[in-house]
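The structure appears below as structure tokens.
Here the structure is a predicted model, which is why all the values come from computation and not from measurement. First listed ligand is number 1; within each ligand, the first listed atom is number 1.
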Amino acid sequence: MHRAAALLLLSVFTLAAQSIQYSDSGKTWLLNTRQSSYAMGLGADGALRHLYWGAPLWRSDDLTAPPPRRDISSFDPRQMLEAEEFPGWGGPRYYEPALKITRDNGNRDLVLRYVSHRIAGNDLDIVLKDLNDPIEVTLHYRVYPDYGILRRSATIRNATQRALTVESAQSATWNLPPGEGYQLTYLTGRWAAETQVNHEPIHEGQKVLESRKGHTSHNFNPWFAIDSGDAGEEHGSVWFGALGWSGNWRISIEQTPYRQVRVTGGLNSFDFSYPLKPGETLETPPFFGGFSAAGFGPASRMLHRFTREQILPGGATSRLRPVLYNSWEATTFAVNEQGQKDLAGKAAKLGVEMFVMDDGWFGARNNDRAGLGDWTVNPQKFPQGLKGLIDHVTSLKMDFGLWVEPEMVNANSDLYRAHPDWVINFPGRPRSELRNQMILNLARADVKEYIFGFLDRLATEYNVRYFKWDMNRSFSEPGWPEAAPADQRKLWVQYVLNLYEILDRLRAKHPNLEIESCSGGGGRIDLSILQRIDEVWPSDNTDAFDRQRIQEGFSMAYPAKIMSAWVTDVPNMNTRSTPLAFRFLTAMQGALGVGSNLNKFSEADSALAAGMIAAYKRIRATVQTGDLFRLASPRTNDVTVNQYVAADGKQAVVFALRHSQQYNTAAPTIRLRGLDARALYKVESVNNKLVERQPQLSGAYLMQVGLNVNLRGDFDGTAIILERQ
Ligand code: GLA
């Protein structure tokens with residue numbers, strides 16, 4: 001090869017290897033991951049424009065900032081046609097702004113212009129400033145080149161000499177390539193019916209996904225995917241994003257009359273007002289985005305791997321989730337030392353690794369009307385404190401976990417009698433109770449210290465490995481009477497920041513402590529709580545049939561590793577009874593737990609449970625850290641099929657769960673994915689449901705011809721384990 005050609009090739013590779021390229025001639029930025037590119041450019045007017053988001057590009061010199069557009073009419077100004085990267089609300093702009101402010105003299109116009117930028121490794125900061133005064137916005141971009149993920153957030157700084165108030169602070173505006181025919185996928189729900197998948201065309205107008213409830217909420221999860229209109233699990237273009245904020249958030253999906261689709265998300269501007277004194281800043285939550293050229297499957301897999309390795313505490317080095325037992329559904333509030341010890345003994349025999357005592361162990365907590373807030377061990381139920389139980393649990397070689405609900409208080413509690421002012425409230429107005437409880441105002445420093453203090457004491461005094469941190473109601477009457485009137489709405493933000501601070505401090509002080517995020521099931525699941533916890537409780541609904549869809553929706557955005565999934569007793573909340581094996585096979589697709597009343601297990605139940613737990617331990621690394629392929633959806637099939645492939649390709653496991661057979665039809669053939677076509681796999685079903693009798697099959701056969709499973713009647717299922725030879 002010519003030296004010149006070799007040098008050129010080398011420089012091409014070097015360029016491609018750089019995750020952030022800036023072209024001074026074109027005034028463009030190109031952000032690259034292995035799976036995608038994202039580009040911006042500077043307009044002649046100094047505005048930062050979005051240029052591109054999609055499949056990888058490699059040459060920033062190809063890009064030029066688009067020339068200024070012309071007004072179409074006096075009603076359709078050029079600003080409406082331009083794809084601004086982070087639009088302020090000012091000038092003739094009528095779409096959803098990324099930032100809206102009011103100065104103390106009433107002036108609200110904000111037009112942002114480029115000032116400077118800084119590249120450091122995978123980080124890019126771009127500073128924008130209003131065309132008149134130093135109201136500054138620093139846009140933060142972090143590229144995760146191996147993961148296909150871009151992290152965005154913004155810092156708003158009042159560098160003027162006067163006070164101003166922020167009225168809308170978004171993390172990012174994501175512009176899609178100009179076009180039409182896009183489809184939106186998003187997750188909705190309510191208590192006991194979380195993460196339901198919705199899929200619909202995007203039309204002109206605005207669609208808002210949000211929480212006004214103070215926590216992430218069951219109703220919408222802060223995740224979206226937009227596809228080109230024809231995408232499926234393993235084909236088609238998919239742009240996706242996930243916002244990390246455990247308070248009031250908002251994501252709007254907007255199609256303008258000018259063939260533009262943009263997604264704007266960050267802090268919810270509803271009831272929002274955030275005064276900034278001179279020199280003060282406001283930081284918006286992280287909004288993560290990515291692009292898949294081959295459907296929803298890779299989009300989910302990118303987010304799963306990213307979350308496991310870059311978001312969760314400990315990342316790739318964190319341990320696999322243990323098999324857990326939780327006493328809640330067996331005992332509800334009727335916990336005591338002997339009862340818990342008995343359950344622990346039975347759980348240990350099944351192979352359980354972590355024993356969690358749920359609600360009822362503290363204060364006067366005999367039902368949900370009293371005791372919340374009084375975090376001292378109930379002396380009637382535990383005359384010796386918790387030590388006797390914890391020693392027993394650890395002697396059985398299990399870790400001990402404890403349920404807490406730190407943010408809440410019952411009116412009937414010593415804490416409320418001592419500090420009625422600690423709850424969020426508007427003076428003179430009703431303090432609405434939900435589940436008989438009120439919310440402590442975590443935005444207050446004294447409340448924050450009280451909560452950190454008792455959790456720290458519990459973690460220090462006892463050998464607690466794990467807190468199940470619950471949060472069982474949404475906000476109401478969100479007043480903060482002690483703050484100055486203009487600052488009271490800061491509660492929405494400060495509450496969440498203080499929650500994060502408590503979790504961060506606890507983890508720093510107790511490095512072995514693990515935490516589960518529960519909010520009456522899936523009311524607090526997002527990428528910022530996940531930076532501080534180890535798993536989540538996706539739903540209080542443990543009906544294995546309902547779980548198929550809840551877990552499918554969950555898997556769109558979040559990895560199996562953090563998805564706590566219990567086997568519980570039947571009939572359940574739908575008065576439905578599914579066989580124990582079906583319940584196990586459903587729960588084994590996440591972080592397996594058992595919540596049954598083990599005192600009622602027959603010998604056959606215990607044998608089945610022990611066998612399933614042993615099988616789970618064999619495949620758990622594959623389920624928890626492997627690649628997920630959703631082969632058949634419960635929304636469209638009578639069989640739900642999910643396949644997990646280990647990162648090193650040595651093991652794969654396929655779960656097939658049939659909820660109902662009709663017309664005596666055989667279950668459909670399962671064509672596998674993600675295997676090595678040339679390799680041989682040893683194939684076995686955990687409960688002998690395979691039609692194929694050959695002990696080994698090639699990857700090519702498994703992917704092209706497929707497997708047949710003998711699933712008959714209602715609620716029949718299997719797991720097929722494949723070991724690469
Ligand atoms: C919530 C949780 C349950 C259980 C109860 C205890 O409903 O989601 O798992 O912990 O609280 O009161």
Side-chain angles (χ1 to χ4, degrees), residues 189-195 213 215-219 221 246 321 324-336 339-340 343 347 354-375 378 381 400-413 433-439 455 458 464 466-474 514-525 529 533-544 546-547 550-551 554 562-569 572-573 583 587 590-597:
R190 58 183 163 78
W191 176 77
E194 295 88 338
T195 51
K213 293 181 146 182
H215 57 116
T216 322
S217 117
H218 306 71
N219 301 135
N221 190 271
S246 315
R321 300 311 306 145
L324 171 156
Y325 179 78
N326 180 297
S327 65
W328 171 245
E329 294 198 18
T331 58
T332 63
F333 299 96
V335 293
N336 60 50
Q340 293 291 301
L343 285 169
M354 165 113 71
F355 182 85
V356 182
M357 177 160 67
D358 211 276
D359 201 348
W361 59 268
F362 53 89
R365 188 73 170 164
N366 295 316
N367 50 51
D368 63 17
R369 291 187 296 281
L372 272 183
D374 299 340
W375 299 103
N378 180 304
K381 296 176 182 177
F400 181 77
L402 195 60
W403 181 93
V404 286
E405 195 179 358
E407 299 149 84
M408 298 290 159
V409 65
N410 286 120
N412 185 4
S413 67
E433 295 183 15
L434 293 167
R435 207 193 189 207
N436 311 302
Q437 61 199 54
M438 290 168 276
I439 303 192
L455 290 168
L458 281 172
V464 177
Y466 181 93
F467 282 131
K468 174 178 172 187
W469 181 309
D470 214 333
M471 194 274 188
N472 272 319
R473 61 157 293 180
S474 301
E514 296 178 334
I515 300 170
E516 170 180 354
S517 169
C518 173
S519 173
R524 190 147 68 194
I525 305 172
I529 199 78
I533 56 112
D534 302 272
E535 61 183 82
V536 300
W537 182 228
S539 179
D540 277 349
N541 185 343
T542 51
D543 171 4
D546 286 354
R547 275 273 170 161
I550 292 173
Q551 294 186 177
F554 187 95
I562 62 157
M563 187 179 76
S564 185
W566 305 348
V567 173
T568 59
D569 293 333
N572 52 46
M573 62 171 64
R583 280 175 271 152
L592 175 64
V594 178
S596 294
N597 187 348

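Note on ring orientation: taking the six-membered ring where Trp is involved, the planes of Trp375 and Phe362 are tilted (angle from 30° to 60°).
Shown are Glu405, Met357, Glu514, Glu516; of these, the side-chain contact (heavy atoms from CB on, under 4.5 Å) with Lys468 is made only by Glu516.
Between the side chains of Asn326 and Trp566, no donor N or O sits under 3.5 Å from an acceptor N or O. Side-chain contact check for Ser474 and His215: at least one donor-acceptor pair (N or O, by modelled atom type) lies under 3.5 Å. Side-chain contact, Gln340 with Trp361: no donor N or O sits under 3.5 Å from an acceptor N or O.
The protein residues lying under 4.0 angstrom from ligand 1, judged by non-hydrogen atoms, are Trp328, Asp358, Asp359, Trp403, Arg435, Lys468, Asp470, Asn472, Cys518, Gly520, Gly521, Trp537, Asp540.
Both tests pass for Arg547 against the ring of Trp537: distance under 6.0 Å to the centre and angle within 45° of the axis.
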